[in-house]
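Throughout, numbering of the chain's residues begins at 1 and tracks the sequence.
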Amino acid sequence: MAIDVAKYISWKLNKKLVSIPTILSVDAFTTPAAGVRVNHDVEYLGIASPNPLIIDYDLLRSAPKELNIAGVGDLFSIHTASFDWKHANSKGRSEYPYSQQAIDDGGKILDFIYNNIGNIKENNDNGLRSIVEAYISLNTICLPIDHFRIEEGSEHYLFYELEERLKRPFIHGNIIGLGIYLLSRLQKNDSLFITEMMDESGLIYHPSSMNIRREDLRDSLLNLKKYVTSKDKLWYTIIDDSSIDEEWINENLSDLKFK
Ligand SMILES: [Zn+2]
(Lines give C-alpha, C1' and ligand atoms only; values in the text may rest on other atoms or scores of the structure.)
Protein backbone atom coordinates (compact mmCIF):
# COMPACT_ATOMS: atom_id res chain seq x y z
CA MET A 1 0.00 0.00 0.00
CA ALA A 2 2.78 2.42 0.93
CA ILE A 3 4.68 1.95 -2.31
CA ASP A 4 1.51 2.21 -4.43
CA VAL A 5 0.63 5.50 -2.75
CA ALA A 6 4.18 6.75 -3.34
CA LYS A 7 4.07 5.73 -7.01
CA TYR A 8 0.72 7.38 -7.52
CA ILE A 9 1.88 10.67 -5.97
CA SER A 10 5.16 10.58 -7.86
CA TRP A 11 3.27 10.09 -11.14
CA LYS A 12 0.58 12.70 -10.46
CA LEU A 13 2.95 15.39 -9.19
CA ASN A 14 5.84 14.46 -11.46
CA LYS A 15 8.16 14.00 -8.49
CA LYS A 16 11.19 11.79 -8.24
CA LEU A 17 10.47 8.41 -6.63
CA VAL A 18 12.97 7.03 -4.14
CA SER A 19 12.02 3.49 -3.19
CA ILE A 20 13.37 1.81 -0.04
CA PRO A 21 11.33 -1.34 0.57
CA THR A 22 11.29 -2.48 4.21
CA ILE A 23 9.76 -5.86 3.30
CA LEU A 24 9.73 -7.81 0.02
CA SER A 25 6.16 -9.12 0.18
CA VAL A 26 5.10 -7.92 -3.28
CA ASP A 27 6.74 -6.89 -6.57
CA ALA A 28 5.26 -3.35 -6.47
CA PHE A 29 8.55 -1.65 -5.60
CA THR A 30 10.04 -2.64 -8.96
CA THR A 31 7.02 -2.09 -11.25
CA PRO A 32 6.13 1.30 -12.77
CA ALA A 33 2.34 1.40 -12.40
CA ALA A 34 0.51 2.12 -9.14
CA GLY A 35 -2.11 -0.45 -8.13
CA VAL A 36 -5.20 1.46 -6.98
CA ARG A 37 -8.83 0.62 -6.48
CA VAL A 38 -11.29 2.28 -8.83
CA ASN A 39 -14.88 1.41 -7.83
CA HIS A 40 -13.65 -1.69 -5.96
CA ASP A 41 -11.58 -3.05 -8.87
CA VAL A 42 -7.80 -3.01 -8.98
CA GLU A 43 -6.40 -0.89 -11.78
CA TYR A 44 -2.77 -0.16 -12.59
CA LEU A 45 -2.22 3.52 -13.28
CA GLY A 46 0.63 5.75 -14.37
CA ILE A 47 4.35 5.37 -14.65
CA ALA A 48 6.76 5.93 -11.78
CA SER A 49 10.11 4.21 -11.79
CA PRO A 50 12.19 4.27 -8.62
CA ASN A 51 15.36 6.26 -8.94
CA PRO A 52 17.16 5.07 -6.99
CA LEU A 53 15.82 1.76 -5.72
CA ILE A 54 17.60 1.13 -2.43
CA ILE A 55 17.88 -2.40 -1.09
CA ASP A 56 19.13 -2.35 2.48
CA TYR A 57 19.62 -5.96 3.56
CA ASP A 58 19.95 -5.16 7.25
CA LEU A 59 16.75 -3.13 7.14
CA LEU A 60 14.90 -5.96 5.36
CA ARG A 61 16.16 -8.42 7.94
CA SER A 62 14.74 -6.31 10.75
CA ALA A 63 11.28 -7.38 9.49
CA PRO A 64 9.74 -10.73 10.37
CA LYS A 65 11.22 -13.32 7.97
CA GLU A 66 7.85 -14.38 6.62
CA LEU A 67 7.12 -10.89 5.29
CA ASN A 68 10.17 -11.15 3.00
CA ILE A 69 9.48 -14.77 2.14
CA ALA A 70 6.03 -13.60 1.03
CA GLY A 71 7.90 -12.03 -1.91
CA VAL A 72 8.03 -15.41 -3.63
CA GLY A 73 4.24 -15.35 -4.05
CA ASP A 74 4.46 -12.99 -7.03
CA LEU A 75 7.19 -15.22 -8.49
CA PHE A 76 5.67 -18.66 -7.94
CA SER A 77 2.56 -17.21 -9.58
CA ILE A 78 4.48 -17.51 -12.87
CA HIS A 79 3.72 -21.23 -12.56
CA THR A 80 -0.06 -20.79 -12.70
CA ALA A 81 -0.30 -17.52 -14.66
CA SER A 82 1.84 -18.76 -17.55
CA PHE A 83 -0.33 -21.87 -17.68
CA ASP A 84 -3.40 -19.62 -17.93
CA TRP A 85 -1.89 -17.67 -20.81
CA LYS A 86 -1.05 -20.88 -22.67
CA HIS A 87 -4.55 -22.13 -21.98
CA ALA A 88 -6.17 -18.91 -23.23
CA ASN A 89 -4.03 -19.02 -26.35
CA SER A 90 -4.98 -22.63 -27.05
CA LYS A 91 -8.64 -21.55 -26.96
CA GLY A 92 -7.99 -18.57 -29.23
CA ARG A 93 -8.78 -16.26 -26.30
CA SER A 94 -5.43 -14.59 -25.54
CA GLU A 95 -5.84 -10.82 -25.21
CA TYR A 96 -2.23 -10.29 -26.36
CA PRO A 97 0.00 -11.73 -29.04
CA TYR A 98 1.23 -15.01 -27.58
CA SER A 99 4.94 -15.20 -26.80
CA GLN A 100 6.51 -18.56 -26.07
CA GLN A 101 9.75 -16.67 -25.47
CA ALA A 102 8.17 -14.73 -22.58
CA ILE A 103 6.82 -17.96 -21.09
CA ASP A 104 10.21 -19.67 -21.39
CA ASP A 105 11.99 -16.70 -19.85
CA GLY A 106 9.48 -16.76 -16.98
CA GLY A 107 10.32 -20.44 -16.47
CA LYS A 108 13.96 -19.46 -16.03
CA ILE A 109 12.98 -17.08 -13.22
CA LEU A 110 11.21 -19.96 -11.48
CA ASP A 111 14.31 -22.14 -11.84
CA PHE A 112 16.41 -19.34 -10.36
CA ILE A 113 14.07 -19.09 -7.37
CA TYR A 114 14.03 -22.88 -6.86
CA ASN A 115 17.83 -22.82 -6.81
CA ASN A 116 17.82 -20.16 -4.08
CA ILE A 117 15.03 -21.52 -1.97
CA GLY A 118 17.18 -22.33 1.07
CA ASN A 119 18.66 -18.83 1.07
CA ILE A 120 15.20 -17.30 0.75
CA LYS A 121 13.94 -19.29 3.71
CA GLU A 122 16.94 -18.10 5.74
CA ASN A 123 16.53 -14.45 4.66
CA ASN A 124 20.25 -14.20 4.02
CA ASP A 125 21.67 -11.64 1.56
CA ASN A 126 21.65 -14.09 -1.33
CA GLY A 127 18.06 -15.03 -0.66
CA LEU A 128 16.83 -11.44 -0.39
CA ARG A 129 18.85 -10.46 -3.45
CA SER A 130 17.44 -13.34 -5.47
CA ILE A 131 13.87 -12.12 -4.84
CA VAL A 132 14.77 -8.58 -5.96
CA GLU A 133 16.69 -9.81 -9.01
CA ALA A 134 13.84 -12.10 -9.98
CA TYR A 135 11.41 -9.16 -9.87
CA ILE A 136 13.75 -7.13 -12.06
CA SER A 137 14.03 -10.03 -14.53
CA LEU A 138 10.25 -10.24 -14.55
CA ASN A 139 10.08 -6.56 -15.49
CA THR A 140 12.62 -7.10 -18.24
CA ILE A 141 10.23 -9.62 -19.76
CA CYS A 142 6.93 -7.90 -19.03
CA LEU A 143 7.51 -4.18 -19.58
CA PRO A 144 8.43 -4.45 -23.29
CA ILE A 145 5.31 -6.54 -24.03
CA ASP A 146 3.26 -4.18 -21.83
CA HIS A 147 1.46 -6.77 -19.68
CA PHE A 148 2.17 -9.16 -16.79
CA ARG A 149 0.23 -12.14 -18.08
CA ILE A 150 3.09 -14.57 -17.38
CA GLU A 151 2.87 -13.64 -13.69
CA GLU A 152 -0.76 -12.69 -13.07
CA GLY A 153 -3.67 -15.01 -13.73
CA SER A 154 -6.28 -17.13 -12.01
CA GLU A 155 -4.30 -17.30 -8.73
CA HIS A 156 -4.65 -13.51 -8.44
CA TYR A 157 -8.35 -13.63 -9.36
CA LEU A 158 -9.17 -15.81 -6.37
CA PHE A 159 -7.47 -13.20 -4.22
CA TYR A 160 -9.53 -10.38 -5.83
CA GLU A 161 -12.73 -12.28 -5.11
CA LEU A 162 -11.73 -13.00 -1.52
CA GLU A 163 -10.67 -9.43 -0.90
CA GLU A 164 -13.97 -8.10 -2.20
CA ARG A 165 -15.88 -10.72 -0.23
CA LEU A 166 -14.08 -10.29 3.09
CA LYS A 167 -13.38 -6.56 2.71
CA ARG A 168 -9.98 -6.63 4.35
CA PRO A 169 -6.39 -6.54 3.15
CA PHE A 170 -4.00 -9.50 3.03
CA ILE A 171 -0.25 -9.91 2.86
CA HIS A 172 -0.03 -10.14 -0.88
CA GLY A 173 2.38 -13.03 -1.33
CA ASN A 174 0.55 -15.20 1.20
CA ILE A 175 -2.88 -14.90 -0.34
CA ILE A 176 -1.35 -15.42 -3.80
CA GLY A 177 0.23 -18.58 -2.38
CA LEU A 178 -3.22 -19.86 -1.47
CA GLY A 179 -4.33 -19.02 -5.01
CA ILE A 180 -1.38 -20.93 -6.48
CA TYR A 181 -2.18 -23.91 -4.26
CA LEU A 182 -5.79 -24.11 -5.42
CA LEU A 183 -5.57 -22.95 -9.02
CA SER A 184 -2.62 -25.22 -9.86
CA ARG A 185 -4.95 -28.04 -8.76
CA LEU A 186 -7.77 -26.75 -10.93
CA GLN A 187 -5.30 -26.55 -13.81
CA LYS A 188 -3.92 -30.03 -13.07
CA ASN A 189 -0.60 -28.27 -13.41
CA ASP A 190 2.15 -29.93 -11.36
CA SER A 191 0.39 -28.88 -8.17
CA LEU A 192 2.38 -31.21 -5.92
CA PHE A 193 5.65 -29.78 -7.18
CA ILE A 194 4.73 -26.12 -6.75
CA THR A 195 3.20 -26.87 -3.32
CA GLU A 196 6.46 -28.51 -2.28
CA MET A 197 8.37 -25.43 -3.46
CA MET A 198 6.08 -23.13 -1.48
CA ASP A 199 6.54 -25.33 1.60
CA GLU A 200 10.31 -25.37 1.21
CA SER A 201 10.48 -21.59 0.90
CA GLY A 202 8.52 -21.16 4.14
CA LEU A 203 5.75 -19.23 2.35
CA ILE A 204 2.64 -18.97 4.51
CA TYR A 205 -0.47 -19.80 2.51
CA HIS A 206 -2.82 -21.85 4.68
CA PRO A 207 -6.21 -20.21 5.28
CA SER A 208 -5.81 -20.53 9.08
CA SER A 209 -2.89 -18.10 9.00
CA MET A 210 -5.02 -15.47 7.22
CA ASN A 211 -8.16 -16.01 9.27
CA ILE A 212 -10.05 -17.29 6.24
CA ARG A 213 -12.88 -19.57 7.28
CA ARG A 214 -13.62 -22.71 5.32
CA GLU A 215 -17.11 -21.51 4.41
CA ASP A 216 -15.74 -18.21 3.08
CA LEU A 217 -13.21 -19.96 0.87
CA ARG A 218 -15.88 -22.40 -0.27
CA ASP A 219 -18.28 -19.57 -1.17
CA SER A 220 -15.50 -17.70 -2.93
CA LEU A 221 -14.58 -20.72 -5.05
CA LEU A 222 -18.22 -21.41 -5.92
CA ASN A 223 -18.61 -17.78 -7.02
CA LEU A 224 -15.25 -17.47 -8.79
CA LYS A 225 -16.36 -18.14 -12.35
CA LYS A 226 -19.29 -15.75 -12.04
CA TYR A 227 -16.96 -13.18 -10.52
CA VAL A 228 -14.35 -13.27 -13.31
CA THR A 229 -16.93 -13.27 -16.12
CA SER A 230 -18.54 -10.18 -14.56
CA LYS A 231 -15.23 -8.27 -14.78
CA ASP A 232 -14.40 -7.22 -18.33
CA LYS A 233 -10.81 -6.43 -17.48
CA LEU A 234 -9.85 -9.86 -16.18
CA TRP A 235 -8.03 -12.09 -18.63
CA TYR A 236 -9.20 -15.45 -19.87
CA THR A 237 -7.95 -18.22 -17.57
CA ILE A 238 -8.63 -21.79 -16.52
CA ILE A 239 -11.51 -20.44 -14.42
CA ASP A 240 -13.51 -19.68 -17.58
CA ASP A 241 -13.37 -23.33 -18.61
CA SER A 242 -13.90 -24.90 -15.22
CA SER A 243 -16.83 -25.93 -13.12
CA ILE A 244 -15.88 -25.77 -9.47
CA ASP A 245 -18.44 -27.72 -7.44
CA GLU A 246 -18.78 -28.97 -3.87
CA GLU A 247 -17.08 -32.23 -4.72
CA TRP A 248 -14.02 -30.48 -6.14
CA ILE A 249 -13.92 -28.18 -3.12
CA ASN A 250 -14.13 -31.04 -0.61
CA GLU A 251 -11.35 -32.85 -2.38
CA ASN A 252 -9.02 -29.88 -2.76
CA LEU A 253 -9.51 -28.18 0.58
CA SER A 254 -8.89 -31.37 2.54
CA ASP A 255 -5.15 -30.75 3.06
CA LEU A 256 -5.47 -27.04 3.83
CA LYS A 257 -5.43 -25.87 7.43
CA PHE A 258 -8.41 -24.00 8.82
CA LYS A 259 -9.00 -22.79 12.36
ZN1 LIG B 1 0.70 -9.91 -7.39
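The shortest distance between side-chain heavy atoms of Glu152 and Asp84 does not fall below 4.5 Å. Residues Pro50 and Thr30 form no side-chain contact, since every pair of their non-hydrogen atoms from C-beta on lies 4.5 Å or further apart. For the pair Arg165 and Asn223, the minimum side-chain heavy-atom distance is below 4.5 Å. Looking at heavy atoms from C-beta onward, Asn174 lies in side-chain contact with Met210 at the 4.5 angstrom threshold. Two residues are said to be in side-chain contact when any heavy atoms from C-beta on lie closer than 4.5 Å; Leu143 and Pro32 meet this criterion. A 4.5 Å side-chain heavy-atom check between Leu110 and Ile113 finds every atom pair outside the cut-off. The shortest side-chain heavy-atom distance between Val18 and Asn51 does not fall under the 4.5 Å cut-off. Between Ile194 and Tyr181 there is no side-chain heavy-atom pair separated by less than 4.5 Å.
Taking the centre of each ring, Tyr236 and Trp85 stay at or above the 6.0 Å mark. For His172 and Phe159, the distance between ring centers is under 6.0 angstrom. A centroid separation of 6.0 Å or more is found between the aromatic rings of Tyr160 and Tyr227. A ring-centre distance under 6.0 Å is not found for Phe76 and Tyr205.
Judged by distance alone, the side chain of Ser25 and the main-chain N or O of Ala70 form no donor-acceptor pair under 3.5 Å. When atom types are taken as modelled, the side chain of Asn252 and the backbone of Ile249 share no donor-acceptor pair closer than 3.5 angstrom. A donor-acceptor pair under 3.5 Å links the side-chain atoms of Thr229 to the main chain of Lys225, judged by distance alone. Although no hydrogens or angles enter the test, the distance criterion places no donor-acceptor pair under 3.5 Å between the side chain of Asp190 and the main chain of Phe193. Checked by atom type and distance alone, the side chain of Asp216 never pairs as donor or acceptor with a backbone atom of Ile212 at under 3.5 Å. Side chain of His79 to backbone of Asn189: a donor-acceptor contact under 3.5 angstrom is found. In this structure, Asn68 contributes its side chain and Leu60 its backbone to a donor-acceptor pair below 3.5 Å. Panel note: side chain Asp146, backbone Cys142; no donor-acceptor pair is recorded below 3.5 Å. Counting only distance, with no hydrogens or angles, the side chain of Tyr157 and the backbone of Trp235 share a donor-acceptor pair below 3.5 Å. In this structure a side-chain-to-backbone donor-acceptor pair under 3.5 Å is missing from Thr237 to Gly153.
At a cut-off of 3.5 Å, with distance as the only test, no side-chain donor of Tyr135 or Glu133 sits close to an acceptor on the other residue. Side-chain polar atoms of Ser19 and Lys7 form no donor-acceptor pair below 3.5 angstrom.
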CA sep, side-chain torsions, deciding dist, call: Lys108, Asp105, salt bridge (charged side-chain N to carboxylate O under 4.0 Å, His left out): CA-CA 5 Å; Lys108 287 178 198 153; Asp105 290 345; 3.4 Å; yes
Salt bridge (charged side-chain N to carboxylate O under 4.0 Å, His left out) evaluation trace for Arg218 with Glu246: CA-CA 8 Å; Arg218 167 190 169 273; Glu246 297 276 2; 2.6 Å; yes
Step-by-step side chain to side chain contact (heavy atoms under 4.5 Å, CB included) determination, Asp27 to Glu151: CA-CA 11 Å; Asp27 64 357; Glu151 181 269 330; 4.0 Å; yes
Verdict with reasoning, Leu256 to Leu182, per side chain to side chain contact (heavy atoms under 4.5 Å, CB included): CA-CA 10 Å; Leu256 285 173; Leu182 288 166; 4.1 Å; yes
Residue pair Leu138, Ile78: steps toward the side chain to side chain contact (heavy atoms under 4.5 Å, CB included) verdict: CA-CA 9 Å; Leu138 190 61; Ile78 295 171; 3.9 Å; yes
Residue pair Arg185, Thr195: steps toward the side chain to side chain contact (heavy atoms under 4.5 Å, CB included) verdict: CA-CA 10 Å; Arg185 279 161 176 77; Thr195 302; 3.0 Å; yes
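In terms of heavy atoms, Ala28 sits closest to Ile3 at CB-CG2, 3.5 Å. The two atoms that bring Arg168 and Asn211 nearest to each other are NH2-O, 2.8 Å, heavy atoms only. In terms of heavy atoms, Leu183 sits closest to Ser154 at CG-OG, 3.5 Å. Minimum interatomic distance between Arg149 and Glu95 (heavy atoms only, all atoms of both residues): NE-OE1, 2.8 Å. The two residues Lys16 and Pro52 have their closest heavy-atom pair at CE-CD, 4.3 Å. Residues Ile69 and Ser201 come closest through the heavy atom pair CG2-O, 3.2 Å.
Note that the OG atom of Ser49 and the CG atom of Leu17 stand 8.0 Å from one another [nearest 0.5 Å]. Taken from CZ in Arg129 to CG in Asn124, the straight-line distance is 9.5 Å, to the nearest 0.5 Å. Phe83 contributes atom CZ, which lies 15.0 Å from atom OG of Ser77 (distance to the nearest 0.5 angstrom). Interatomic distance, OG of Ser184 versus CD of Glu155, reported as 9.5 Å (0.5 Å rounding). Between the CZ atom of Arg213 and the NZ atom of Lys259 there is a distance of 12.5 Å, given to the nearest 0.5 Å. Separation of atoms CG (Leu128) and CG (Leu59) is listed at 10.5 Å; rounding is to 0.5 Å.
The only member of Thr80, Ile176, Val42 that meets side chain to side chain contact (heavy atoms under 4.5 Å, CB included) when paired with His156 is Ile176. The salt bridge (charged side-chain N to carboxylate O under 4.0 Å, His left out) test with Lys231 singles out one residue from Glu161, Glu164, Glu43, and that residue is Glu164.
Around the CZ atom of Arg214, the shell of radius 6.0 Å holds more than 12 heavy atoms that belong to other residues, nucleotides or ligands. The number of heavy atoms from other shown groups lying within 6.0 Å of CD1 (Ile54) is above 12. No more than 12 heavy atoms of other residues, nucleotides or ligands lie within 6.0 Å of CG in Asn14, so this atom counts as exposed by the packing criterion. Environment of CD in Glu247: sparse, with no more than 12 heavy atoms of neighbouring residues, nucleotides or ligands closer than 6.0 Å.
Below 30°, between 30° and 60°, or above 60°: for His147 and Tyr96 the angle between ring planes is below 30°, a parallel geometry.
Grouping the Ile, Leu, Val, Met, Phe, Trp and Tyr side chains by contacts below 4.5 angstrom, directly or via other members, places Ile23 apart from Ile136. Taking hydrophobic clusters as Ile, Leu, Val, Met, Phe, Trp and Tyr residues chained together by side-chain heavy-atom distances below 4.5 Å, Phe148 does not share a cluster with Val26. Under the 4.5 Å side-chain heavy-atom criterion for grouping Ile, Leu, Val, Met, Phe, Trp and Tyr, Trp11 is not connected to Leu53 through any hydrophobic cluster. Two different hydrophobic clusters hold Ile175 and Ile171 under the rule that ILVMFWY side chains link at heavy-atom gaps under 4.5 Å. A single hydrophobic cluster is not seen to contain both Ile204 and Leu178; linkage of ILVMFWY side chains at heavy-atom distances under 4.5 Å, directly or through other members, places them apart.
A cation-pi contact, defined as under 6.0 Å to the ring centre and within 45° of the axis, is absent between Arg61 and Tyr57.
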